Amino acid sequence: DKAVCRIRGKVKYAPIGAGLLPEKFSLGDLQRLYEVLLGRELEPSNFRKKFLSSGVLVPSGERIPLRGDKTTQLYSFN
């Protein structure tokens, strides 16, 4: 219980996803990680805006397919 409380506290001010995700990841992967760590759903557009404006993420220039003709950008931590 103590560890969960510490992670939930730290996730609010530190990019702890860097140690928990592969080198390149999608914003969807990052959001799912934060939702699991926080134990609640996050609003996708607010999450995206917060992380993209923070300077913590760097676009890799790579895209991966999602479904149909859709693709998603991959990122890495700065």
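The structure displayed is predicted, hence computed values, not measured ones.
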Q: Just verifying a value: how many Å separate Leu42 CG and Arg32 CZ, rounded to the nearest 0.5 Å?
A: 12.0 Å

Q: Can you tell me how far the OH atom of Tyr75 sits from the CG atom of Asp29, to the nearest 0.5 Å?
A: 12.0 Å

Q: Return the minimal non-hydrogen interatomic distance between Ser53 and Lys49, and the atom names on each side.
A: OG-O, 2.9 Å

Q: Determine whether Leu27 and Leu52 make a side-chain contact, defined as any pair of heavy atoms from C-beta on separated by less than 4.5 Å.
A: yes

Q: So Leu57 and Leu30, side chain to side chain contact (heavy atoms under 4.5 Å, CB included) or not? Walk me through it.
A: CA-CA 11 Å; Leu57 301 180; Leu30 183 62; 4.0 Å; yes

Q: Classify the ring geometry of Phe25 against Phe77: parallel below 30°, tilted from 30° to 60°, perpendicular beyond 60°.
A: tilted

Q: Tell me whether Glu62 is salt-bridged to Lys24, with the criterion being a basic N under 4.0 Å from an acidic carboxylate O.
A: yes

Q: Could you go step by step and tell me if Ser26 and Gln31 meet the side chain to side chain contact (heavy atoms under 4.5 Å, CB included) rule?
A: CA-CA 9 Å; Ser26 70; Gln31 181 173 340; over 6 Å; no

Q: How long is the straight-line distance from CZ of Arg40 back to CZ of Arg8, given to the nearest 0.5 Å?
A: 9.5 Å

Q: Any heavy-atom pair between the side chains of Leu66 and Thr71 that's under 4.5 Å?
A: no

Q: Evaluate Ile64 against Leu74 for side chain to side chain contact (heavy atoms under 4.5 Å, CB included), listing each step before the verdict.
A: CA-CA 7 Å; Ile64 57 169; Leu74 294 181; 3.7 Å; yes

Q: Decide side chain to side chain contact (heavy atoms under 4.5 Å, CB included) for Leu37 and Leu20; before the verdict, give the C-alpha distance in whole Å, the side-chain angles of both, and the deciding distance to 0.1 Å.
A: CA-CA 11 Å; Leu37 293 175; Leu20 300 172; 4.2 Å; yes

Q: Would the number of heavy atoms belonging to other residues, nucleotides or ligands and lying under 6.0 Å from CD of Glu41 be above 12?
A: no

Q: Verify, without hydrogens or angle tests, whether Asn78 (side chain) and Gly55 (backbone) share a donor-acceptor contact under 3.5 angstrom.
A: yes

